[in-house]
Each structure stands twice: as C-alpha cells, then as structure tokens.
Amino acid sequence: MTGALRLKLSLLRGETACPLDLADFGRLAAIDLRTQTKSARSDRLAVAMLDLIASGRLPPGARLPPERRIAEAASASRVCVRSALDRLKLDGYIEAVQGSGTRVVAIERGGQLAELLRANQENLEDLQDFIAFLDRCVVEQLLREASDAALARAADRVAAAPPDRDLQALAEDEVGWRLALADASLSPIYAMIIRQLARGIRSLFGSLLRAAPASDRAAQADQLSLGRSSLADAIAHRDKAAALSALASRAAAFRDLDRSGMEVDERGLRNAPIPQDDLILRDLAVASPEQLKDRLTREIAGMIATGHARDGTRLLSERRLALVFGVSRASVREALAALKADGTVVADERSGTRTVDAPVALTSLAAADLSHLQTMSRLRGYLEVWAASRAAERGSERDLTDLRRILAEMGRSHLSPRRRIDLDLRLHLTIARAAGSAVHLYITEVLRDLMTAYFDYSLTAPAIGGGRDAMLLAHHTEIVTAILARDPVGAGRAMAEHCGAFSDRYALLAEGEMLPCGLATDFAQRLPAFG
C-alpha cells in the first residue's frame with residue numbers, strides 16, 4: 001500500500017493505523033479487516049490536527065495554538081499533545097519557528113504538505129461522488145420500504161435545517177438528516193456506512209461551505225435550505241422522480257461550489273483565511289474526546305450482531321474485550337455503558353453483563369435476506385467499476401504484476417472452493433489498491449463481515465446458477481486485460497458486466513420476494529467469526 005493511500009485512509013478513519021494490509025494475502029482468514037488497533041491517543045490527536053491542515057483551517061504558515069490550550073481543548077495531557085506535535089514535525093507538516101511558536105510549514109518548502117493537500121482534495125472529491133450515489137440509494141430504499149408515517153417523520157427531519165448559519169452546525173446537520181433517512185429506510189447497511197463516514201461527511205460539507213466567499217455564505221445557506229425543502233416535499237408525497245431531481249440539484253450546486261473555491265495551487269489553498277485560535281480549538285474538542293469510545297461501541301455492537309461477543313449467555317468480560325481491541329478496560333467500560341444506555345446489553349451483580357435481543361438494525365445485519373444481498377451488490381457494483389477504471393490509469397508495475405499472478409492461478413484446474421474465494425477477493429482488493437481509492441478501501445473495512453460473506457455466498461450458493469467458474473474466469477480475464485492495457489473505459493465496462501451478472505441473478509430471485517428455502521440461513525452462517 002502506498003504512503004499516499006495510507007495518508008488518505010488516515011484522514012477518513014481519524015487515526016494513523018490501518019488494518020488493511022494489501023501487500024500480501026495468503027489465506028482469506030489472514031486478511032484483517034477489523035479496526036482493532038492499538039492506536040495511541042497522541043496518534044489520533046495528530047490526525048485530528050492533520051485534518052485541520054489538510055482542509056485549510058490551518059493553512060501553510062499558520063501558527064498553531066499553544067500546547068497548553070490544545071491539551072485543554074482535546075482533554076489530553078501536555079505529554080500527549082507534545083507527542084502528537086513531534087510526530088507532525090517529524091513527518092514534515094509543521095515546524096518550530098524561533099520566537100514565533102509552532103507553525104504549519106510553508107507550501108514551497110513542504111513536499112509532504114503538498115502531498116497532504118492533494119490527498120485530502122482527492123478524498124473530498126471521491127466522497128462527494130460516493131455520497132451523491134449513496135443519497136440516491138437511501139432515498140429509493142426509503143420510498144420503497146417506509147410507511148407513510150415514517151416518510152412524514154423523515155420529511156420533517158430533512159426540512160428542519162439549523163436555524164443559524166454556523167458552518168460547523170450546517171456540516172453536522174448534513175450527517176444528521178442523512179442518518180435519519182437511512183434509519184427510516186430500514187437498511188442497516190446504509191445506516192452503518194453513514195455513521196462510519198460521519199467524519200468524512202462533516203469534513204466534505206464543511207470544506208465546501210468554507211469555499212464560498214464570506215459575503216455569499218448566507219445566500220449559499222439559503223440555497224441549500226431550499227434544496228432540502230424540495231427534497232422533503234418529494235419524500236412526504238412519495239414522489240421518487242422529484243426526490244431524485246432534488247438530490248441531483250443539490251449535488252450539482254455543491255460541485256459548482258467545489259470548482260469555484262477549492263483549487264490548490266503552488267501557494268496552497270487559495271484565499272485561505274487566517275485561522276482564529278478559538279475556532280481551531282473548538283474543532284479539536286469536537287474531533288478528539290469520544291472517538292475511541294464511539295468506535296469501541298460500534299465494534300462491540302457488531303460482534304453482538306453476528307453472535308461473536310458471547311461466552312455462553314454472558315458478554316465477553318471487560319478484560320477479554322480489552323485484549324481483543326488492544327485498549328484499556330476503562331475504554332471498554334465506557335463503550336459498555338453506551339450499549340447499556342441503548343438497551344443492547346444489561347447488567348446485574350449476579351449474572352454480570354449479558355446481551356439482550358439486539359435492536360433490529362443489528363440483528364438484520366446477520367439475517368442476510370435478499371434485500372441485504374441486493375444492497376451489497378449495488379454498493380459493490382459502484383465501487384468496483386470506479387476502482388477498475390482508476391486502476392487502469394494509476395496502477396503501479398507491482399500492482400499489475402500481482403494482478404497477472406492472481407489471474408494465472410485462477411486459471412488452474414482443481415482449485416478448492418475456498419481457494420477460489422480467496423483469489424476472487426484478493427483480485428478485487430488488489431484492483432482497489434491499484435486504484436488508490438481510500439473511499440473504496442474504507443467502506444470495505446466498514447462492511448468487513450458483510451463484504452466477505454457476500455463474496456462467500458455469491459461464489460458458492462447453488463441459487464446463483466451453473467457455469468459460474470467459467471463465467472468468473474472469463475470476466476476476470478477481460479477486466480485484468482483492460483487494466484494491463486491501461487484502458488480505463490474498457491476496464492470499467494468489463495467490471496460493470498461482471499458485477500451486473502450477479503445483480504441480474506439477485507433480481508431474478510427477487511421476483512419471488514424471498515430467498516429460496518434455507519438460503520438466508522446459509523448466508524447468515526457464512527458470516528466469519530471474529531479472530
């Protein structure tokens with residue numbers, strides 16, 4: 001994995017460590033897609049400050065607030081802050097200037113800084129495209145599945161824009177109404193993606209709003225509110241065409257704003273304002289304090305959903321959970337308190353902490369009905385076509401060599417079913433690595449269990465149809481041949497045909513409105529165990 005890709009993943013994840021090691025695979029079980037890392041608090045704080053630099057809130061040459069004030073805002077020790085700053089200095093993003101404090105390096109002297117700005121800009125562009133796609137998916141699912149009462153509540157939430165024009169509140173609300181729609185759509189997969197992309201969504205819309213001249217900001221906020229009013233009205237009347245049109249209009253408005261104000265030149269972000277310490281410290285306070293607790297809460301909830309958090313009827317002990325995630329027992333205790341508050345677990349002195357019937361949004365992830373299979377198929381189709389086209393343009397010689405080697409092994413006879421699945425997943429992840437798409441890899445990480453189970457089922461279930469192995473080899477050969485020929489259009493077309501073959505077969509199954517007998521149970525059982 002290249003340094004640039006690791007950097008982009010760090011900005012999305014909010015921490016430096018990345019569990020996706022795409023350099024070598026071996027067995028499928030060796031691919032660790034979990035976020036169980038020992039990321040130090042100082043590392044997470046360093047990435048939070050890196051995000052401020054990347055987004056232009058701390059532009060080249062800007063002075064950082066004093067260590068003491070950063071420590072107070074981030075609820076961290078001075079030692080932790082100093083360690084974070086030392087890391088950024090070592091990586092070439094900031095420097096200590098005699099008599100002037102600590103400053104972001106000047107753009108003409110910071111090769112690493114220029115790479116950071118480019119990486120962040122590409123993340124934002126990729127996120128903008130993916131969020132526009134995800135919005136369409138969620139709204140279509142909402143209009144198809146939600147009751148009239150749920151639609152009315154969802155429409156009210158979309159229409160309820162923040163009363164003020166504070167940029168942070170507007171960016172946060174872009175997360176809030178999307179999450180409300182995903183929850184109302186009854187798709188836990190979409191809801192999970194939006195929750196995990198919340199940091200990126202806030203960064204995306206905050207950057208786009210900051211790109212507007214200060215004199216136009218009020219008008220821009222009004223324009224966004226009008227767009228949401230149109231969307232809310234369409235949702236309330238279950239008008240799919242109008243809803244998709246409103247989404248397209250909002251996406252176009254943001255794309256125009258992006259082109260007008262987010263260019264990066266040799267001096268850095270154009271027209272970057274002089275930052276105020278209070279605003280920088282507020283951003284750090286929002287980005288840092290509860291991040292680990294929230295991440296642990298999601299991870300433990302995911303283990304409960306797939307049945308891998310139990311020791312008999314009890315939840316795994318705090319000590320064992322702390323060992324699994326590489327964190328302190330105090331951090332685990334905070335996460336369990338959050339799960340108790342939402343009713344996922346209960347505790348008493350006699351029986352300890354126990355799981356209860358998980359909420360629908362969790363249990364349905366493991367239920368694996370046809371709706372979830374179709375959702376995964378649609379997500380995968382979008383991401384894979386995107387990645388194949390980029391891989392043809394950007395893939396390194398090492399990437400291309402790996403693709404040749406994997407394809408050659410796929411063509412051998414007498415491969416075991418397990419090895420075929422290993423090679424298939426390995427091929428697709430190698431294409432993602434070659435594309436350099438942090439968004440693709442991050443979503444794969446977020447959906448780790450379901451993505452693996454989707455591959456597992458799609459490549460083994462009899463319901464998908466006969467002739468699968470020959471079809472897969474032909475498709476993979478066409479995809480890799482186009483990538484090796486540096487043909488992005490051909491690679492995208494070949495990948496679209498490949499993914500579409502599975503989507504079409506799931507559509508045929510959908511005509512019966514349910515999976516064939518035993519198929520949902522089979523798919524659920526394929527969810528891999530946590531190590």
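For the pair Ala180 and Arg157, the tightest heavy-atom approach, listed with the atom from each and the gap, is CB-CG, 3.5 Å. Considering every non-hydrogen atom in both Ala434 and Ala391, the closest pair reads CB-CB, 3.8 Å. The shortest non-hydrogen separation linking Ala387 to Ala435 is O-CB, 3.3 Å. The minimum heavy-atom distance between Asn123 and Ala438, with the atom names listed, is OD1-CB, 3.6 Å. Between Ala234 and Ala243, the shortest heavy-atom contact is CB-N, 3.3 Å. Of all heavy-atom pairs spanning Ser147 and Arg238, the tightest one is C-NH2, 3.7 Å.
Between Leu321 atom CG and Ser331 atom OG the span is 12.0 Å, to the nearest 0.5 Å. A distance of 11.0 Å separates CZ of Arg202 from CG of Leu197, quoted to the nearest 0.5 Å. Rounding to the nearest 0.5 Å gives a distance of 8.5 Å between CD1 of Ile194 and OG of Ser187. Atom CG of Leu429 and atom NE2 of His440 lie 7.5 Å apart (nearest 0.5 Å). The distance from atom CD1 of Ile443 to atom CG of Leu383, rounded to the nearest 0.5 Å, is 5.0 Å. Atoms CD1 and CD, from Ile431 and Glu384 in turn, are 6.5 Å apart once rounded to the nearest 0.5 Å.
A heavy-atom distance below 4.5 Å is found between the side chains of Glu140 and Arg378. Contact of the Ser203 side chain with the Leu124 side chain is registered, since non-hydrogen atoms from C-beta on lie closer than 4.5 Å. Looking at heavy atoms from C-beta onward, Leu379 lies in side-chain contact with Ile189 at the 4.5 angstrom threshold. Residues Leu116 and Leu11 form a side-chain contact, since some pair of their non-hydrogen atoms from C-beta on lies under 4.5 Å apart. Asp51 places a side-chain heavy atom less than 4.5 Å from the side chain of Arg57. Looking at Asp43 and Arg87, their side chains come closer than 4.5 Å, going by heavy atoms from C-beta outward. Side-chain atoms of Gln196 and Tyr442, non-hydrogen and from C-beta on, do get closer than 4.5 Å to each other.
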Worksheet entry | Audit row: Leu64, Met49, side-chain contact (heavy atoms from CB on, under 4.5 Å) steps and yes/no | CA-CA 9 Å; Leu64 273 66; Met49 287 190 279; 4.3 Å; yes
Discussion item. For a salt bridge (Lys or Arg N to Asp or Glu O under 4.0 Å) check, start with the C-alpha distance between Arg228 and Asp173, then their side-chain angles and the critical distance, and finish with the verdict.
Written reply: CA-CA 11 Å; Arg228 282 174 56 171; Asp173 198 53; 2.6 Å; yes
Worksheet item: Where do Ile131 and Glu174 land on the side-chain contact (heavy atoms from CB on, under 4.5 Å) test, with the steps shown first?
Response: CA-CA 11 Å; Ile131 292 302; Glu174 289 291 329; over 6 Å; no
Worksheet item: Are Leu127 and Ile201 close enough, and set up right, to give a side-chain contact (heavy atoms from CB on, under 4.5 Å), and what steps lead you there?
Response: CA-CA 8 Å; Leu127 270 172; Ile201 294 172; 5.7 Å; no
Discussion item. Between Leu181 and Asp135, does the side-chain contact (heavy atoms from CB on, under 4.5 Å) criterion hold? Intermediate values first, please.
Written reply: CA-CA 9 Å; Leu181 293 190; Asp135 285 346; over 6 Å; no
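Contact check on Arg390 versus Asp126 returns a salt bridge, with a Lys/Arg side-chain nitrogen under 4.0 Å from an Asp/Glu carboxylate oxygen.
Using the six-membered ring where Trp is involved, Tyr382 and Phe130 have ring planes that are tilted, between 30° and 60° apart.
Between the Arg178 side chain and the Ala198 main chain, no donor and acceptor come within less than 3.5 Å of each other. Under a 3.5 Å cut-off, the side chain of Ser55 and the backbone N or O of Leu52 do form a donor-acceptor pair. Remark: the backbone N or O of Ala241 is not paired with any side-chain donor or acceptor of Ser245 at under 3.5 angstrom.
Legend: residues meeting ring pair (Phe, Tyr, Trp, His ring centres under 6.0 Å) with His428, ordered by chain and number and at least two apart, are Phe455, His476, His498. Checked against salt bridge (Lys or Arg N to Asp or Glu O under 4.0 Å), Arg144 has no partners two or more places apart in sequence or in another chain.
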